[in-house]
Number of protein chains: 2
Amino acid sequence: MAERRLAKGVRQERLRAELKRDPFITDEELAQKLAVSIQTIRLDRLELGIPEVRKRTRLLATEAFERVTSLNRNELFGELLALEPGKSGISMMLTTEEMVLSRRSVVRGHYLFFQANSLAVAVIPATAVLTRDAEVHYLAPVGVGEKLIAHATVVQVEGRHYRVEVKIRRGTEEVFRGVFVVVALEEQ
Amino acid sequence: MAERRLAKGVRQERLRAELKRDPFITDEELAQKLAVSIQTIRLDRLELGIPEVRKRTRLLATEAFERVTSLNRNELFGELLALEPGKSGISMMLTTEEMVLSRRSVVRGHYLFFQANSLAVAVIPATAVLTRDAEVHYLAPVGVGEKLIAHATVVQVEGRHYRVEVKIRRGTEEVFRGVFVVVALEEQ
DNA sequence: ACTGTTATTAGTATCTAGTACTAATTATAG
DNA sequence: CTATAATTAGTACTAGATACTAATAACAGT
């Protein structure tokens, strides 16, 4: 592996890369991979503000656990900013690295679809809503770290069927437009 | 909390419930909650085949990490069963509990959308493909533990634009139908 | 009441993967 | 060469166990 002594900065970048690849690696394993002592690894972690393996593991697990419980608890993908049941709603979603295919820089389309679809469902005044049809257009690619604001408007109601139009913007630029036909199964 | 000694079976059910609510709880905390010694908690865990807190945490974190990396590593959502680049493809997805809203039994629509959309992208002979438009119809609700087979067919090609029709079936029953317009950015 | 069994509690030695600290050695820059 | 930064080493301690031995308490059956 590393035959010659790496400059500190280079080694610390290597350390970051290793941890990104395998968050569960121990200091001992890192020391071997980077050909330095375990104490040096620990000094590096201290300097870089990187917690120990058990803490990192706990963080990952906690995030995952909270994501599962909060996603399943809330029907909305993203944060609700405004809501007029039966009429309109606004939600905000921040794009993260997880939403991107590795080796790419564009957020995968289904995340936008779901932000839109879940908001379209959320504006319906019913406890159980099913999507029937959707027609969507992706207008521009979206990157990581972008704040997407979705606006949903109920444009038509026929009995239990609602036609909801959703537009997603990044700043003033529209990046996604969709029309969802949803059905209210149980009115509130 | 528990004032009276609980029957072993009852206590073990309580222990399960506690762990489901908080997977990160220590044996010490469990001992206090269930008013028994730490040794008894450990015997219970042994008998129930429940690993220690660090192992549980590691399991949760590993699952989460692998879910994220596999989602991002694989362009396809589900398992590819057949592929004729430029023409057609078949993929299979098994629905899991995570795909369901709590208190409900129906798989959320975006999973079907994504199975279909990712297959529509996968049949295109290009290294980078973006979805432009999609028109989809949900024909029947889908439950947990169901095997969904998606068939994608390229029905039209105009330059770099492909029109792909995707049908998802559960057995012989069609549960989803969609048409995706995708653009090949970099031909293979 | 007595006896055997199950359940519970307690204690000890050891493990893993560190943290926090002191101190010595090596490498580097001026 | 000297001072400083970087690296290495060692010690005491922590947390949350496992694996084991052993003692005590509770319960069931006779």
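Worth knowing before you read on, the calculation uses all heavy atoms, side chains too, and leaves out hydrogens, waters and symmetry mates.
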Can you check the [X] [atom1] to [N] [atom2] distance for me, whole Å?
{"X": "A:Asp27", "N": "C:dA20", "atom1": "CG", "atom2": "C1'", "value": "14 Å"}
{"X": "A:Lys8", "N": "D:dT4", "atom1": "NZ", "atom2": "C1'", "value": "12 Å"}
{"X": "A:Leu34", "N": "D:dT8", "atom1": "CG", "atom2": "P", "value": "11 Å"}
{"X": "A:Lys55", "N": "C:dT19", "atom1": "NZ", "atom2": "C1'", "value": "8 Å"}
{"X": "B:Ile38", "N": "C:dT8", "atom1": "CD1", "atom2": "C1'", "value": "14 Å"}
{"X": "A:Glu28", "N": "D:dT8", "atom1": "CD", "atom2": "P", "value": "13 Å"}
{"X": "B:Arg54", "N": "D:dA17", "atom1": "CZ", "atom2": "C1'", "value": "7 Å"}

May I ask you to decide whether B:Glu47 forms a salt bridge with B:Lys8, counting only side-chain N to carboxylate O separations under 4.0 Å? yes
What parts of residues 40-48 of chain B reach DNA chain D, counting only heavy atoms under 4.0 Å away?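 By residue number: B:Arg42, B:Arg45.
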Please say yes or no: joined through hydrophobic side-chain contacts below 4.5 Å, possibly via intermediate residues, are A:Val166 and A:Val157 part of one cluster?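 Yes; A:Val157 is reachable from A:Val166 via cluster members.
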Please report whether the ring centroid of B:Phe176 lies less than 6.0 Å from that of B:Tyr111. no
B/S/- along nucleotides 21-30 of chain C (protein heavy atoms under 4.0 Å) is ------S---
Would you mind reading off the bend of the helix from C:dA1-D:dT30 to C:dG30-D:dC1 from its two end axes, five pairs each, to 10 degrees?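 End-to-end axis angle for the helix from C:dA1-D:dT30 to C:dG30-D:dC1: 10°, rounded to 10°.
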Tell me what A:Arg11 touches on the nucleic acid: a base, only sugar-phosphate, or nothing, going by heavy atoms under 4.0 Å.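 Here A:Arg11 touches the backbone only, sparing every base.
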